[in-house]
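Since the model is a prediction, treat every value here as computed from it, not as a measurement. Only this structure's heavy atoms are used, side chains among them; waters, hydrogens and symmetry mates stay out.
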Amino acid sequence: MIRLPDPERSRALLFGTATYASDELSDLPAVAHDLQDLRGALTSPLGAFAAEHRDVLLDPPGLIPLFDALNRQAAEARDRHRPCLHRPRS
């Protein structure tokens, strides 16, 4: 049987890039919407995470803020679930 994360002991970090400085890459506004939808689903009454235990980073300014957020969430997590990476289908 699959065990859901413990909402009080688990942490979630959602991140994505929707805008790019380069003219060679098109912006992806759907990324911002997807992050909001995923945040809502994960923290809804049927979700697996408490709202105060998840972070959302949209367009992080670099790897250091992203790794800082990841390290903070990992340090606070007390559940034994393995990290899960989700990449939306394009």
Side-chain angles (χ1 to χ4, degrees):
M1 183 173 166
I2 297 175
R3 182 181 69 82
L4 293 175
D6 179 335
E8 294 305 317
R9 297 174 50 194
S10 297
R11 301 297 185 266
L13 174 62
L14 311 174
F15 62 93
T17 301
T19 57
Y20 296 92
S22 172
D23 292 334
E24 295 178 19
L25 298 172
S26 300
D27 290 345
L28 302 169
V31 170
H33 299 290
D34 289 347
L35 283 176
Q36 294 303 321
D37 288 347
L38 187 55
R39 178 184 73 175
L42 290 175
T43 59
S44 74
L46 297 175
F49 295 91
E52 65 272 14
H53 296 156
R54 59 94 189 107
D55 284 338
V56 177
L57 292 176
L58 177 61
D59 295 331
L63 289 177
I64 291 180
L66 179 60
F67 286 137
D68 287 345
L70 183 60
N71 284 331
R72 184 176 56 255
Q73 292 289 37
E76 293 176 3
R78 296 294 174 247
D79 205 354
R80 295 188 180 261
H81 266 234
R82 292 183 179 198
C84 172
L85 297 177
H86 170 71
R87 190 176 90 198
R89 291 180 277 180
S90 33

Q: Using 0.5 Å steps for rounding, measure from the CG atom of Leu42 to the CG atom of Leu14.
A: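 Between Leu42 CG and Leu14 CG, I get 6.0 Å after rounding to 0.5 Å.
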Q: Got Leu58 and Phe15 here, is their nearest side-chain heavy-atom distance under 4.5 Å?
A: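 With C-beta onward as the side chain, the pair stays apart.
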Q: Can you name the side chain to side chain contact (heavy atoms under 4.5 Å, CB included) partners of Asp55, sequence neighbours left out?
A: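 For Asp55, the residues satisfying side chain to side chain contact (heavy atoms under 4.5 Å, CB included) (neighbours in sequence not counted) are Leu13, Arg72, Gln73.
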Q: Please answer whether the main-chain N or O of Glu8 pairs with a side-chain N or O of Asp6 as donor and acceptor at a distance below 3.5 Å.
A: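 Yes, because the side chain of Asp6 sits within donor-acceptor range (under 3.5 Å) of the backbone of Glu8.
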Q: With heavy-atom distances below 4.5 Å as the criterion, would you say the side chains of Ser10 and Phe49 are in contact?
A: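 Sidechains of Phe49 and Ser10: in contact.
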Q: Just jot down the side chain to side chain donor-acceptor pair (under 3.5 Å) partners of Arg54, sequence neighbours excluded, or say none.
A: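 Partners of Arg54 by the side chain to side chain donor-acceptor pair (under 3.5 Å) criterion come out as none, since no residue qualifies.
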Q: Using a 3.5 Å cut-off and no angle test, enumerate the donor-acceptor pairs between side-chain atoms of residues 16-26 and protein atoms at least two apart in sequence or in another chain.
A:
residue	atom	partner	partner atom	Å
Thr19	OG1	Asp59	OD2	2.8
Ser22	OG	Glu24	N	3.0

Q: Has the side chain of His53 got a donor or acceptor atom that lies under 3.5 Å from a matching backbone atom of Arg9?
A: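 Pair absent, no side-chain N/O of His53 close to backbone of Arg9.
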Q: Name all residues meeting the side chain to side chain donor-acceptor pair (under 3.5 Å) criterion together with Glu76; count only those two or more places apart in sequence or in a different chain, and write none if there are none.
A: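 For Glu76, the residues satisfying side chain to side chain donor-acceptor pair (under 3.5 Å) (neighbours in sequence not counted) are Arg11.
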Q: Looking at every heavy atom in both Ala69 and Leu57, which two are closest together, and how far apart are they?
A: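 Distance-wise, the nearest heavy atoms are CB-CD1, 3.7 Å.
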Q: Out of curiosity, Thr43 OG1 to Leu38 CG, how far, rounded to the nearest 0.5 Å?
A: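 Separation between the atoms: 9.0 Å.
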Q: Ignoring hydrogens and geometry, is there a side-chain-to-backbone donor-acceptor pair from Ser44 to Ala41 under 3.5 Å?
A: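 Flag set: sc Ser44 to bb Ala41 pair under 3.5 Å.
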Q: In the structure I gave you, are the side-chain heavy atoms of His33 and Gln36 within less than 4.5 Å of one another anywhere?
A: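 Contact flag for His33/Gln36 side chains = no.
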